[in-house]
Amino acid sequence: MKLLEKLVNAIGPSGYENNVREIIQKEIKPYVDEVKVDKMGNLIARKKGKGKKIMLAAHMDEIGIMVKRISDEGFLKISPIGGIEPITLIGQRVNIVKNNKILCKGVISFKELHDDLELAEETPLMEDLYVDTGLNKIEVKKIINIGDYIVPEANFSFLGNKKIVSGKALDDRIGCYILIELIKKIKNRKWDIYFVFTVQEEIGLYGAKTSVYKINPDLAIAVDTTNAKDGSIKECKIGSGAFLTIKDSELISNRNLNDSIKKLAKQNKLPLQLEVADEGTTDATNIMLHKGGVASTVVSVGIRNMHSTISVAHKDDINYCIKLLHLILKNSQKIKI
C-alpha cells in the first residue's frame, strides 16, 4: 500500500495533475513498450499486442477548490473544482499551493461559525465559505493570487481495521493504483493494451474525450470509484467485491461486455456487485461516444464519503478489482462486444 499512499497524498486537483503523473510515469516506465504525455496532459502507456485495442482509463485528478477572491478582511473566497459537498469542507485544514509549493496553510470557515454565538440555522453554501489563513489582506496578497489551488490536508491512513484505508483523492488514485499493478502483472499480450491516466475528469471527463482519438479502441473500461451505499443499502458495501456499472446518470454500459465480465467473475468465484446509479458518471461516457461508438463499461471500487475531503475504502475491494481486470485481459477470447 506504500504506492497507493504516495498517490493519495500527492496534490493533484483538475488542471494540476503533474505531481501524480510524475509518480505514475516513473513507476510504469520499465514495464511498458511506449509511454507518452499528450497535449492535454494525459499519460498514455501501451503494451503492444496483435489483437484488438483495449483502453483502460483511470483519472489522475481530484476534486478541490480555487482562490476566487480576496476579501477586505484577508479571507480567501473559494470556487469549487468538481462536485464537492460544501458541508464536508467546514472546519477543514487546507494547503494553498502553486508550482508544487505550499504557499500557506488555512482553515475553512463561514460567518456563523466564525463569530456568531447562535448555531447556524441553514447549511452554508459554497459562496458562504472562505479560507482563514491568519493573515490580513496586505499579507495575503504578497503570497497568494486569484487562481491558486486549495487542497484539503488529509493524509492517507488506516482506520481501526487495517484493511480499511482513508484519505483524500481515493477517487481516483485507487483506479490509478490498480492500473499500475495491472501493468506490472500482465505478461501475455493477446490484446493491444492502452493504459490511460486521464486529466480533468472531475470537471467534465475532458482527458478521456481527447485521448481516445489517438487510440481508437475496440473496447474500453473505465476504472474508477463509486459510492458504497452500505449506510442504507446492505447489498452495496465495501469489502464485498468490485462494482460493475450497468447504468449511471449518463451511461448504459455495453451489455455483451458486461455479460462477459459477469461470466468470468462467476467462473473464477470473484465477488462482483452490480450498480445501477441515478447520479454521477465516468470517463467511459465520453469514450463510448468516440466515432461510431466504442463498447464501454465501468469497473469500480466502492468508497464511503465520496467527493468529500476524506473518503474510506477496503483493501480487499482493490485487490478484487485487480484480479478481475487481470482475468479480462488474460481471457480476451471470452470477451464479446
Side-chain angles (χ1 to χ4, degrees), residues 7-21 41 59-114 120 122-137 139-156 166-173 198-207 224-225 227 279-280 303-312:
L7 290 167
V8 167
N9 289 346
I11 294 172
S14 302
Y16 197 92
E17 298 92 348
N18 52 296
N19 295 310
V20 185
R21 186 170 56 241
H59 66 91
M60 296 183 286
D61 60 317
E62 64 188 277
I63 57 172
I65 48 181
M66 183 179 282
V67 179
K68 181 168 69 174
R69 184 168 58 85
I70 300 171
S71 74
D72 290 339
E73 297 81 13
F75 301 138
L76 309 179
K77 299 298 287 185
I78 59 179
S79 177
I81 300 171
I84 185 166
E85 291 288 347
I87 196 170
T88 70
L89 294 172
I90 297 169
Q92 295 295 308
R93 192 191 307 274
V94 295
N95 293 317
I96 298 92
V97 298
K98 184 177 184 178
N99 297 330
N100 295 329
K101 180 183 177 183
I102 296 175
L103 304 174
C104 186
K105 293 184 180 293
V107 174
I108 297 178
S109 190
F110 66 103
K111 186 178 184 301
E112 286 80 3
L113 184 65
H114 179 154
E122 296 180 356
T123 302
L125 303 175
M126 189 66 71
E127 54 262 34
D128 299 319
L129 304 181
Y130 54 79
V131 177
D132 181 354
T133 63
L135 303 174
N136 63 39
K137 187 176 183 179
E139 292 169 328
V140 166
K141 284 195 167 185
K142 286 180 180 179
I143 58 172
I144 296 171
N145 292 296
I146 291 170
D148 288 342
Y149 283 88
I150 303 170
V151 180
E153 192 175 87
N155 287 339
F156 181 94
S166 69
K168 70 171 188 62
L170 295 187
D171 175 19
D172 185 32
R173 304 293 158 70
T198 63
V199 297
Q200 298 189 38
E201 190 266 2
E202 294 291 1
I203 61 167
L205 317 176
Y206 297 138
D224 212 320
T225 59
N227 270 314
E279 298 176 351
I303 64 174
R304 295 171 180 163
N305 298 0
M306 192 171 181
H307 280 205
S308 69
T309 52
I310 306 176
S311 297
V312 177

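Please read all numbers here as calculations on a predicted model, not as lab measurements. Quick note: residue numbers are just sequence positions, from 1.
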Novice: Would you compute the distance between atom CD1 of Ile310 and atom CZ of Phe156 and round it to the nearest 0.5 angstrom?
Specialist: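 Ile310 atom CD1 to Phe156 atom CZ measures 13.0 Å (nearest 0.5 Å).
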Novice: Return the set of residues passing ring-ring contact (aromatic ring centres under 6.0 Å, His included) with Tyr149 (not counting sequence neighbours), or none when no residue passes.
Specialist: Tyr16
Novice: Is there side-chain contact between Val151 and Pro13, with heavy atoms separated by less than 4.5 Å?
Specialist: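 Result yes, sub-4.5 Å side-chain heavy-atom pair found.
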Novice: Looking at Gln92 and Thr309, what are the two nearest heavy atoms and their distance?
Specialist: OE1-OG1, 3.4 Å
Novice: Give, for atom CD of Glu201 and atom NE2 of His59, the distance between the pair rounded to the nearest 0.5 Å.
Specialist: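 If I round to the nearest 0.5 Å, the distance is 3.5 Å.
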Novice: Working to the nearest 0.5 Å, report the span between CZ of Arg69 and CD of Glu127.
Specialist: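 Answer for the CZ-CD pair, Arg69 versus Glu127, is 11.5 Å.
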Novice: Measuring only between side-chain heavy atoms, which start at C-beta, is Met306 closer than 4.5 Å to Thr225?
Specialist: yes
Novice: Do Arg173 and Glu62 pass the salt bridge (Lys or Arg N to Asp or Glu O under 4.0 Å) test, and can you show the C-alpha distance, the side-chain angles, and the key distance before you say yes or no?
Specialist: CA-CA 8 Å; Arg173 304 293 158 70; Glu62 64 188 277; 2.8 Å; yes
Novice: Could you tell me which residues satisfy side-chain contact (heavy atoms from CB on, under 4.5 Å) with Val140, sequence neighbours excluded, listed by chain and number?
Specialist: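 If we apply the side-chain contact (heavy atoms from CB on, under 4.5 Å) test to Val140, skipping adjacent residues, the hits are Ile70, Leu76, Thr133, Leu135, Ile144.
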Novice: Please name the pair of heavy atoms, one in Ile81 and one in Ser14, separated by the smallest distance, quoted to 0.1 Å.
Specialist: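 Where Ile81 meets Ser14 most closely, the heavy atoms are CG2-CB, 3.6 Å.
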Novice: Heavy atoms, side chains only, cut-off 4.5 Å: are Ile78 and Val67 in contact?
Specialist: no
Novice: Once you round to the nearest 0.5 Å, how far does CD1 of Ile65 lie from NZ of Lys77?
Specialist: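 It is 11.5 Å, given to the nearest 0.5 Å.
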Novice: Taking side-chain contact (heavy atoms from CB on, under 4.5 Å) as the test, write out the residues that go with Asn145, two or more places apart.
Specialist: Lys98, Asp148
Novice: Please report the shortest heavy-atom distance between Leu89 and Ile108, naming the atom on each side.
Specialist: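 That would be O-CB, 3.3 Å.
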Novice: Please report the interatomic distance SG(Cys104) to CD(Glu139), rounded to the nearest 0.5 Å.
Specialist: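 Separation between the atoms: 9.5 Å.
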Novice: State whether a side-chain donor-acceptor pair under 3.5 Å links Asn227 with His307.
Specialist: no
